[in-house]
Amino acid sequence: WEYYPVANTLGAARAALLAGRLGWLDPFDGFHAVNLVFASLLLALSLVSCTSYRAFERGKELEKNQKWDEAVIEYTRALEVDPENTHYKLGLQRARLESSREHFEKGKQLRAAAIEANGSPDALRLHEMAAIELEATVRLDPTNQFAAVELGKTLKAVQELRSAASPESLAERKKRA
């Protein structure tokens, strides 16, 4: 290794400093202690980068299988370790958009089914499920204004259905007032 003499020289200098000036270790033990610390730091750095790379690779594999929610989780893990990596950022952005698209499609289908089931006992449940999917859409892609509008409509419908299903409906409250 071409930098080995430099590492030995620096290690010896640190060992001499620890031994001579501070009196902590004899020069031989100080040299080995400094090299051990240096090697430990290199090992920790390589493990950290290995962790982020493995998460990134898992994210890519999940992306190939179109498991977008899981890919978002893996890309997020990779970015937690290496937040400046542009490949990780792009992967996360791509997975978030695709996951958002899937949740939006499910939310629209559930909302349409809830509107069709108007008046049936399943209407409230379908609206609530649609709201969950649309909320996931908005969290994954805050720029999706159409999803935000649909979420608002769905939440309003849920609120209306809950108040209508409550024992004390609006008409009864008006009578007492």
I need the [X] [atom1] to [Y] [atom2] distance, nearest 0.5 Å.
X      : Y      : atom1 : atom2 : value
Arg96  : His103 : CZ    : NE2   : 11.0 Å
Leu140 : Phe104 : CG    : CZ    : 13.0 Å
Glu102 : Glu133 : CD    : CD    : 9.5 Å

### Query
For Ala78, does its backbone N or O pair with a side-chain atom of Ser52 as donor and acceptor, under 3.5 Å?
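No.
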Are [X] and [Y] ion-paired here, with the side-chain N under 4.0 Å from a carboxylate O?
X      : Y      : result
Arg77  : Glu80  : no
Glu98  : Arg94  : no
Lys67  : Glu74  : no
Lys153 : Glu150 : yes

### Query
With a cut-off of 6.0 Å (strictly less than), are more than 12 heavy atoms of other residues, nucleotides or ligands near NZ of Lys89?
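Yes - once you tally the heavy atoms of other residues, nucleotides and ligands closer than 6.0 Å, there are more than 12.
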### Neighbour count >12 (heavy atoms, 6.0 Å) for atom CD, Gln159
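Not more than 12 within 6.0 Å, no.
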### Task
Quick one: closest heavy-atom pair of Arg162 and Leu124, and the distance?
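Taking every non-hydrogen atom into account, CG-CD1, 3.9 Å.
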### Message
Going by the rule salt bridge (charged side-chain N to carboxylate O under 4.0 Å, His left out), which residues pair with Asp69 if we only count those two or more places apart in sequence or in a different chain?
### Response
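By the salt bridge (charged side-chain N to carboxylate O under 4.0 Å, His left out) rule, Asp69 matches no residue at all.
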### Query
Can Leu155 be reached from Leu134 by stepping across I, L, V, M, F, W or Y side chains whose heavy atoms are under 4.5 Å apart?
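Yes; tracing contacts between hydrophobic side chains, which count when under 4.5 Å, links both residues.
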### Query
Are Leu79 and Leu90 linked, directly or through other ILVMFWY residues, by side chains that come within less than 4.5 angstrom of each other?
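In one cluster: no.
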### Task
Please work out whether the ring planes of Phe56 and His87 are parallel, tilted or perpendicular, with thresholds of 30° and 60°.
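The arrangement is tilted - the two ring planes meet at 30° to 60°.
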#### Entry: Check against salt bridge (Lys or Arg N to Asp or Glu O under 4.0 Å), Arg58 and Glu63
CA-CA 8 Å; Arg58 281 193 304 267; Glu63 193 174 334; over 6 Å; no
### Ala95: side chain to side chain contact (heavy atoms under 4.5 Å, CB included) partners, not counting sequence neighbours
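For Ala95, the residues satisfying side chain to side chain contact (heavy atoms under 4.5 Å, CB included) (neighbours in sequence not counted) are Trp68, Ala71, Val72, Tyr75.
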### Query
Taking only residues at least two apart or on different chains, which pairs with a member in residues 113-124 satisfy side-chain hydrogen bond (donor to acceptor under 3.5 Å, both in side chains)?
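Non-adjacent pairs meeting side-chain hydrogen bond (donor to acceptor under 3.5 Å, both in side chains): zero.
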### Query
Could you walk me through whether Arg54 and Glu57 pass the salt bridge (Lys or Arg N to Asp or Glu O under 4.0 Å) check?
CA-CA 5 Å; Arg54 276 187 281 147; Glu57 287 298 315; over 6 Å; no
